[in-house]
Amino acid sequence: MRLSLASDSLDGVAARLVAEVQRRGHSVTLYGALAPGGRADWAWCCSAAAKDVSSGQSDLAIVCCWTGTGASIAANKIAGVRAALCVDAATAAGARRWNDANVLALSLRLTSDRLLEEILDAWFAAAPSADDEDLANIAHLAHLES
Ligand SMILES: O=C(CO)[C@H](O)[C@H](O)COP(=O)(O)O
């Protein structure tokens, strides 16, 4: 898959994130502190990664900041984006399955190297649900956005 990755700093697991995503065979487009030269503030770099998903340039995005909150808020401002701040593997799997989340937001403060691997494994393994109830929820999000 094509992934856009953004982080406002190289603290914590940000650098490892790039390697872990590539190790899983995905191509990456980098923003913020992951791509020196670009604007690294969380509102800018995380929304830029989310715009790639909205435009179809990327399949998914992963956005990071110290808390993960700014990253998720910025991404969720972009049309068609459903960003989920995940702190463990079960939450990441649920976000993909029930929320059809197309952007994963991570906290650099909370996410250890081990946790990163677990979250990414769960995130990539899970697929959006085809249940009517789940699809209705996602459709309602689109309605709220329109
Ligand atoms: O968590 C964040 C936003 O939600 C940012 O990573 C945090 O505000 C960055 O702070 P600083 O630029 O002082 O390192």
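Both ligands and their constituent atoms are indexed starting at 1 by order of listing.
- For atom 12 (O) of ligand 1, no protein non-hydrogen atom is found at a distance below 4.0 Å.
- Protein heavy atom closest to atom 2 (C) of ligand 1, with residue, atom name and distance, is C65 SG, 3.5 Å.
- For the side-chain hydrogen bond (donor to acceptor under 3.5 Å, both in side chains) with R82, the lone residue among D100, N99, N76 that qualifies is D100.
- Both cation-pi conditions hold for R96 and W123: the charged atom is under 6.0 angstrom from the six-membered ring centre and inside a 45 degree cone around its axis.
- Remark: minimum distance from atom 9 (C) of ligand 1 to any protein heavy atom is reached at D8 OD2, 3.7 Å.
- In terms of hydrophobic clustering, with Ile, Leu, Val, Met, Phe, Trp and Tyr side chains grouped at heavy-atom distances under 4.5 Å, W42 and Y31 are assigned to different clusters.
- One hydrophobic cluster, built from ILVMFWY side chains closer than 4.5 Å, cannot hold both V63 and L10; they sit in different ones.
- Scanning the protein heavy atoms around atom 4 (O) of ligand 1, the nearest turns out to be T67 OG1, 2.9 Å.
- Of the heavy atoms in W42, only side-chain atoms (C-beta onward) come closer than 4.0 Å to ligand 1.
- Numbered from 1 in the order shown, with element, the atoms of ligand 1 that lie under 4.0 Å from a heavy atom of G70 read 4 (O).
- The hydrophobic cluster containing L5 does not contain I78, counting ILVMFWY residues as joined when their side-chain heavy atoms lie under 4.5 angstrom apart, directly or transitively.
- Near W66, with a cut-off below 4.0 Å to any heavy atom, the atoms of ligand 1 are 1 (O), 2 (C), 5 (C), 6 (O).
- Atoms of ligand 1 lying under 4.0 Å from any heavy atom of T69, numbered from 1 in the order shown and given with element: 4 (O).
- Two different hydrophobic clusters hold I138 and L60 under the rule that ILVMFWY side chains link at heavy-atom gaps under 4.5 Å.
- Geometrically, ligand 1 and A71 share no nitrogen or oxygen pair separated by less than 3.5 Å.
- A salt bridge links R23 to E20: one of the charged nitrogens lies within less than 4.0 Å of a carboxylate oxygen.
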